[in-house]
Every structure is written in structure tokens, then in C-alpha cells.
*Asks:* 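Quick one: this structure, given as C-alpha cells, is what I'll be asking you about.
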Amino acid sequence: MGSIEAARKEANGSLTEKKPCVVFVLGGPGSGKGTQCANIVQHFGYTHLSAGDLLRAEIKSGSENGTMIQNMIKEGKIVPSEVTIKLLQKAMLESGNDKFLIDGFPRNEENRAAFEAVTKIEPAFVLFFNCPEEEMERRLLNRNQGREDDNIETIRKRFKVFLESSLPVIEYYNAKGKVREIDAAKSIEDVFEDVKVIFTPKEEQVATA
Ligand SMILES: Nc1ncnc2c1ncn2[C@@H]1O[C@H](COP(=O)(O)OP(=O)(O)OP(=O)(O)O)[C@@H](O)[C@H]1O
Ligand SMILES: Nc1ccn([C@@H]2O[C@H](COP(=O)(O)O)[C@@H](O)[C@H]2O)c(=O)n1
Ligand SMILES: [Mg+2]
């Protein structure tokens, strides 16, 4: 049985009940989550849902939560789970797909516990892009996508939140054997080579030795 399918069945506890396959994609700011998710979508048919992108779209839509979300993002703070989970659930329903890369979520223990309580979905696994802070800082300062949080002051706050609130979530899943860690300091192409191994069912992996 392929590794993803096995993880999915184990996560959802049943062979018949059809729950979506969710992979949480975590890593520090600038570790390359969005870049690699775009590659995974092309090769493996997942729908990519970036919590940060959904929150930024919510600001643009003129929603009543827009100002609150904008202020939180400028400060690198985590938006209350209720808001983010509603956006994720809506996007999952609208996608028509049943395989999701949820990028940048859960960002803290509150995100994690609320998602599991509301959706009853356990991730198949957690893809963790591990990258040194100096490299992430360099990437963010060169990103040039006009993001209000890509300035050195906010970047430092985001790093602090990652260490204090997001790493414990990765440790939580690691204790359950669910973390697939990737060295994200390599080139985009080399990182994707490592990612592909994780998403390719074992029986399809060609022996190179
Ligand atoms: N392996 C890599 N080597 C060099 N640059 C990279 C690599 N991966 C991504 N980048 C670049 O670094 C920047 C940040 O990448 P990306 O947006 O994918 O990160 P992210 O983890 O989604 O960040 P955030 O958490 O801030 O959304 C982009 O400009 C991207 O092109
Ligand atoms: N679960 C989340 C994810 C993101 N945010 C806020 O959005 C900012 C940008 O997120 P990226 O993943 O695009 O880097 C992040 O710093 C948070 O302010 C959130 O609140 N909750
Ligand atoms: Mg991103």
C-alpha cells in the first residue's frame, strides 16, 4: 500500500468513511512552503490552501474582520482560529477536491485543537520545511511581492511567533510519528526532489542504488 494512502486510512480510522486527505505544510516564514506547494499541486493533484493567502483575500474582500486581520498580520500575530477555520472550510468545500495541502496552518495549539474539534479531520501527515533563520530572512527580504509583513521589524516578530507557538505544534505531531521533515535550505529544485519522495507511493519509487 502507498505511504500516503496508508497514512490517510490510519488518520481517518476507517476504510469506508470518505474524509478528505489533509496534509499540513509547516515551516518558518520564508522556508518555501508556498513555492513547494505549487509544485506538489502540479505533480500530485492536491488543492493548495494557504491560510495566509485566505486571510489576505479576506482583507481585500472588505469583510467586517478585515481591519482586525490586517492589524494582526502587520504584527505577525496569529488570527483567532474561528476566523481562519471558517475560511479553510469554505475553500475546501468550494474546491470540489478531496486532497488538500493546508499551508501555514495550524500555527499554534489553538489552531490545531480547534481544527480537529470542528472538522474531525486528522492530517495524514505534516510536511515540515526546516530552514535556518538567516536564509529565511534573506528570502523574505528579496520576495518583492508587496507583502506588508515582509519588512525586517515584522519578520523578526514572525520568527519569534514561529519558535514560540508553531514549533510546539510540529513537536506535537512529531511525537505521533506524523512529521516528514525536509531540508529546505537547498535549491528549489533539490527541495522538490526530496518532497517528491514523500508523495510518491513506495511501489512507484524507482530504486536508484
Ligand atoms: N529553496 C529555495 N531557495 C531559494 N529561494 C527560495 C526557495 N524556496 C523559496 N524561495 C523564495 O523565497 C521566497 C519565500 O518563499 P515562499 O513564499 O514559498 O515561502 P513561505 O514559506 O510560503 O513564506 P511565508 O510563510 O512568508 O508565506 C520566495 O521569493 C521564493 O521564490
Ligand atoms: N494559521 C494562520 C496563518 C497565517 N496567519 C497570519 O497571516 C500571516 C501570514 O501568513 P503566511 O503563512 O502567508 O506567512 C501570519 O504571520 C499571521 O499573521 C494566521 O494568523 N494564522
Ligand atoms: Mg507562503
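Order of listing sets the numbers, starting from 1, for every ligand and every atom in it. We use all heavy atoms of the structure for the numbers below, so side chains are in, but hydrogens, waters and symmetry mates are not.
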*Asks:* Just to confirm my output: which protein heavy-atom neighbour is closest to atom 3 (C) of ligand 2, and how far is it?
*Replies:* G104 O, 3.2 Å
*Asks:* Quick one: which of Q36, K33, E135, R147 has a heavy atom closest to atom 27 (O) of ligand 1?
*Replies:*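 Looking at heavy atoms only, R147 sits closest to atom 27 (O) of ligand 1.
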*Asks:* Suppose I only count heavy atoms of P29 and a 4.0 Å limit; which atoms of ligand 1 are within that range?
*Replies:*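 Under 4.0 Å from P29, ligand 1 has these atoms: 25 (O).
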*Asks:* With atoms numbered from 1 as shown, which atoms in ligand 1 lie under 4.0 angstrom from a non-hydrogen atom of L140?
*Replies:*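 Near L140, meaning under 4.0 Å from one of its heavy atoms, ligand 1 has 26 (O).
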*Asks:* So is G34 polar-close to ligand 1, meaning N/O to N/O under 3.5 Å?
*Replies:* yes
*Asks:* For atom NZ of K86, decide whether the heavy atoms of other residues, nucleotides or ligands shown that lie under 6.0 angstrom number more than 12.
*Replies:* no
*Asks:* Among protein heavy atoms, which sits nearest to atom 10 (O) of ligand 2, and what does the distance come to when rounded to 0.1 Å?
*Replies:* R107 NH2, 3.2 Å
*Asks:* Considering only heavy atoms of N111, which atoms of ligand 2 have at least one such atom less than 4.0 Å away?
*Replies:* 1 (N)
*Asks:* Could you report the tightest heavy-atom contact between L101 and C37, atom names first, then the distance?
*Replies:* CD1-O, 3.8 Å
*Asks:* Check each atom of ligand 1 against the heavy atoms of T35 and keep those under 4.0 Å away; list them by number with element.
*Replies:*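 Result: 9 (C), 15 (O), 16 (P), 18 (O), 30 (C).
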*Asks:* Would you mind checking if E134 and R138 are paired as a salt bridge, meaning a charged N to carboxylate O distance below 4.0 Å?
*Replies:* no
*Asks:* Applying a strict 4.0 Å limit to heavy atoms, is D150 in contact with ligand 1?
*Replies:*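 D150 does not count as a contact of ligand 1 under the 4.0 Å cut-off.
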*Asks:* Would one find an N or O of K186, backbone or side chain, under 3.5 Å from an N or O of ligand 1?
*Replies:*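 Yes, there is a polar N/O contact under 3.5 Å.
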*Asks:* Does a salt bridge link D194 with R180, judged by any charged N lying under 4.0 Å from a carboxylate O?
*Replies:*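 Result for this pair is no, no salt bridge flagged.
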*Asks:* If you apply the rule ring-ring contact (aromatic ring centres under 6.0 Å, His included), what do you find for F100 with H48, and how did you get there?
*Replies:* CA-CA 6 Å; F100 300 96; H48 173 209; over 10 Å; no
*Asks:* Is the closest side-chain donor-acceptor distance between T200 and Q205 under 3.5 Å?
*Replies:* no
*Asks:* Less than 4.0 Å is my threshold; does some heavy atom of S31 fall inside it relative to ligand 1?
*Replies:* yes
*Asks:* For the NZ atom on K196, are there more than 12 heavy atoms of other groups (residues, nucleotides or ligands in this structure) within a distance under 6.0 Å?
*Replies:* yes
*Asks:* Any idea which atoms of ligand 2 are less than 4.0 Å away from a heavy-atom of G52?
*Replies:* 10 (O), 13 (O)
*Asks:* For atom 17 (C) of ligand 2, which protein heavy atom lies nearest, and how many Å away is it?
*Replies:* K77 O, 3.3 Å
*Asks:* Report yes if some N/O of D103 lies less than 3.5 Å from some N/O of ligand 2; otherwise report no.
*Replies:*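 No, there is no polar N/O contact under 3.5 Å.
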*Asks:* Identify whether the distance between the nearest side-chain nitrogen and carboxylate oxygen of K74 and D149 falls below 4.0 Å.
*Replies:* no
*Asks:* Where do N111 and V79 come nearest, in terms of heavy atoms and distance?
*Replies:*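 Scanning both residues, the minimum pair turns out to be ND2-O, 4.2 Å.
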*Asks:* Mark up the atoms of ligand 2 that fall under 4.0 Å of a heavy atom belonging to R158, in ascending order.
*Replies:*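 Checking each atom against R158, I get 14 (O).
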*Asks:* Between G32 and ligand 1, is there a nitrogen or oxygen pair with a distance under 3.5 Å?
*Replies:* yes
*Asks:* If you measure from atom 14 (O) of ligand 2 to every heavy atom of E110, E148, K33, R147, which option wins on shortest distance?
*Replies:*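 It is R147 that holds the nearest heavy atom.
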*Asks:* In terms of the angle between their ring planes, are Y46 and F199 parallel, tilted or perpendicular, with boundaries placed at 30° and 60°?
*Replies:*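 It falls in the perpendicular class, over 60°.
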*Asks:* Assess E75 for proximity to ligand 2: is some non-hydrogen atom of it under 4.0 Å away?
*Replies:*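 No; E75 lies far enough from ligand 2 that no heavy-atom distance drops under 4.0 Å.
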*Asks:* Measuring from L26:CG to L127:CG, what's the distance to the nearest 0.5 Å?
*Replies:* 8.5 Å
*Asks:* Taking only heavy atoms of I78 into account, list the atoms of ligand 2 that are under 4.0 Å away from them.
*Replies:* 20 (O), 21 (N)
*Asks:* Should you measure from each heavy atom of D149, which atoms of ligand 2 turn up under 4.0 Å away?
*Replies:* 9 (C)
*Asks:* What is the nearest protein non-hydrogen atom to atom 5 (N) of ligand 2, stated with its residue, atom name and distance?
*Replies:*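 Heavy-atom neighbour on the protein nearest atom 5 (N) of ligand 2: L55 CD1, 3.4 Å.
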*Asks:* If every non-hydrogen atom of P80 is compared with every non-hydrogen atom of M68, which pair is closest and at what distance?
*Replies:* CD-SD, 4.1 Å
*Asks:* May I ask you to check whether F105 has an N/O atom sitting below 3.5 Å from an N/O atom of ligand 2?
*Replies:*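 By distance alone, the answer is no.
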*Asks:* Heavy-atom contact under 4.0 Å between R158 and ligand 1?
*Replies:* yes
*Asks:* Which heavy atom of the protein is the closest neighbour of atom 8 (C) of ligand 2, given with residue, atom name and distance?
*Replies:* I73 CG1, 3.9 Å
*Asks:* Consider ligand 2: state whether an atom of it lies below 4.0 angstrom from any non-hydrogen atom of R56.
*Replies:* yes
*Asks:* In the protein, which heavy atom is nearest to atom 12 (O) of ligand 1, and how far is it?
*Replies:* R139 CB, 3.3 Å
*Asks:* Near S187, which atoms of ligand 1 are under 4.0 Å from a heavy atom of that residue?
*Replies:* 1 (N)
*Asks:* Please check if the distance between the ring centroids of F105 and F115 is under 6.0 Å.
*Replies:*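 Between F115 and F105, which both carry aromatic rings, the centre distance is below 6.0 Å.
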*Asks:* Please report whether ligand 2 has a polar contact with V79, defined as an N or O pair separated by less than 3.5 Å (distance criterion only).
*Replies:* yes
*Asks:* Salt bridge check, D98 against K19: does any charged N sit closer than 4.0 Å to a carboxylate O?
*Replies:* no
*Asks:* Got a sec: does the CD of E171 have more than 12 other heavy atoms crowding it under 6.0 Å?
*Replies:*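 Yes, because the 6.0 Å sphere around CD of E171 holds more than 12 heavy atoms from other groups.
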*Asks:* Out of R138, R143, M136, whose heavy atom is nearest to atom 29 (O) of ligand 1?
*Replies:* R143
*Asks:* Does E116 pair with R112 as a salt bridge, N-O distance under 4.0 Å?
*Replies:* yes
*Asks:* Salt bridge or not for E122 and K176, using N-O below 4.0 Å?
*Replies:* yes
*Asks:* Over all heavy atoms of both residues, which pair between C131 and S31 is shortest? Give the atoms and the distance, please.
*Replies:*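 Closest approach of C131 to S31: CB-CB, 4.0 Å.
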*Asks:* If you measure every N or O of G30 against every N or O of ligand 1, does any of those distances drop under 3.5 Å?
*Replies:*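 Yes.
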*Asks:* Give me the residue, atom name and distance of the protein heavy atom closest to atom 7 (C) of ligand 1.
*Replies:*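 Looking at atom 7 (C) of ligand 1, the protein heavy atom closest to it is I188 CG1, 3.4 Å.
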